[in-house]
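To start, the structure itself, in structure tokens.
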Amino acid sequence: MTATNKQVRRYWVMKSEPSAFSIDDLKKQRKTSWDGIRNYQVRNLIRDEISVGDIALFYHSSSDSIGVAGEMEVISQAYADLTQFNKKDSHFDPKSSKDDPTWLCLDVKFIEKYNQIILLKDIKSLPVMKDSRLVSRGNRLSVFEISKEQYEAVKALAEVG
DNA sequence: GCCAACGTTGGC
DNA sequence: GCCAACGTTGGC
């Protein structure tokens with residue numbers, strides 16, 4: 001066993017409607033289970049691609065100020081999302097079984113809330129974001145990857161304020 | 001396995 | 001609240 005198993009940190013965007021769960025909610029709770037994912041592409045991403053230690057931008061969608069509200073860190077691997085088994089939960093999935101759960105979630109912890117939301121319209125003006133899902137119309141993935149350069153460009157917008 | 005209909009997402 | 005985009009479902 002050599003000490004060369006350190007992974008390169010990857011960067012993600014995770015979307016949430018702030019009326020359901022916002023950066024302020026995460027700040028208060030310090031960490032949360034990012035559950036309710038009901039899209040196969042996103043499930044496969046969190047299962048196969050996202051690692052503990054990765055960074056995710058917290059994106060507020062469908063709200064008065066659409067954009068990136070802050071940052072969080074992934075603190076667990078993917079595991080079974082319990083809401084799929086709860087009949088009273090809006091994410092209940094009658095086709096899923098406990099032996100072979102269809103849906104997964106993972107845990108994230110609060111890192112930072114930006115002083116102001118980095119608005120989508122400002123993100124769109126960054127050349128480095130041109131081909132990102134973040135600015136593409138009709139992007140329905142609630143979790144997707146961005147490059148380190150893109151992450152840094154967005155973060156720089158938060159710092160100039 | 002194709003593809004039209006349907007349902008949901010999400011920016012405006 | 002509208003509607004375009006697009007993932008999912010279901011009939012064939």
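To find a chain, count down the sequence lines: A is the first, B the second, and so on, and within it residues start at 1. When reading the values below, keep in mind they use all heavy atoms of this one structure, side chains included, and skip hydrogens, waters and symmetry mates.
- Every pair passing ring pair (Phe, Tyr, Trp, His ring centres under 6.0 Å) that includes a residue from residues 24-44 of chain A is listed here, sequence neighbours excluded: A:Trp34-A:Phe58, A:Tyr40-A:Trp103.
- Checked against side-chain contact (heavy atoms from CB on, under 4.5 Å), A:Ser62 has the following partners two or more places apart in sequence or in another chain: A:Glu17.
- The nearest pair of heavy atoms linking A:Val154 to A:Ile118 is O-CD1, 3.2 Å.
- Applying the ring pair (Phe, Tyr, Trp, His ring centres under 6.0 Å) test to pairs two or more places apart or on separate chains, those with a residue in residues 107-154 of chain A are A:Tyr11-A:Tyr151.
- Nucleotides of DNA chain B that come within less than 4.0 Å of any heavy atom of chain A span, from the 5' end to the 3' end, B:dG7 to B:dC12.
- Residues from residues 90-101 of chain A lying near DNA chain B, meaning a heavy-atom separation below 4.0 Å, are absent.
- Listed by first and then second residue, the salt bridge (Lys or Arg N to Asp or Glu O under 4.0 Å) pairs that reach into residues 55-72 of chain A are A:Glu71-A:Lys155, sequence neighbours excluded.
- Using a 4.0 Å heavy-atom cutoff across all strands shown, A:Gln41 reaches sugar-phosphate atoms only and no base atom.
- Bending across the helix from B:dG1-C:dC12 to B:dC12-C:dG1, expressed as the angle between its end axes from five pairs apiece, amounts to 10° (10° rounding).
- For A:Ile66, the side-chain contact (heavy atoms from CB on, under 4.5 Å) criterion is met by A:Tyr59, A:Ser63, A:Leu120, not counting sequence neighbours.
- With sequence neighbours excluded, the residues forming a side chain to side chain donor-acceptor pair (under 3.5 Å) with A:Asp24 are A:Lys113, listed by chain and number.
- Side-chain contact between A:Ile123 and A:Val135 is present, with heavy atoms from C-beta onward closer than 4.5 Å.
- Residues that satisfy the side-chain contact (heavy atoms from CB on, under 4.5 Å) test with A:Glu145, not counting sequence neighbours, are A:Arg10, A:Trp12.
- A side-chain donor from one of A:Thr83 and A:Asp81 sits under 3.5 Å from a side-chain acceptor of the other.
- A heavy atom lying under 4.0 Å from DNA chain B marks the following residues of residues 58-69 of chain A, by number: A:Tyr59, A:Ser61, A:Ser62, A:Ile66.
- Among the protein residues, A:Lys121 comes within range of no part of the nucleic acid, since none of its heavy atoms lies under 4.0 Å from any strand.
- The side-chain heavy atoms of A:Ile55 and A:Arg9, taken from C-beta on, include a pair separated by under 4.5 Å.
- Shown here are the salt bridge (Lys or Arg N to Asp or Glu O under 4.0 Å) partners of A:Lys148, two or more places apart in sequence or in another chain: A:Glu152.
- Just one residue in the list A:Ser125, A:Ser132, A:Pro127 forms a side-chain contact (heavy atoms from CB on, under 4.5 Å) with A:Met129, and that residue is A:Ser132.
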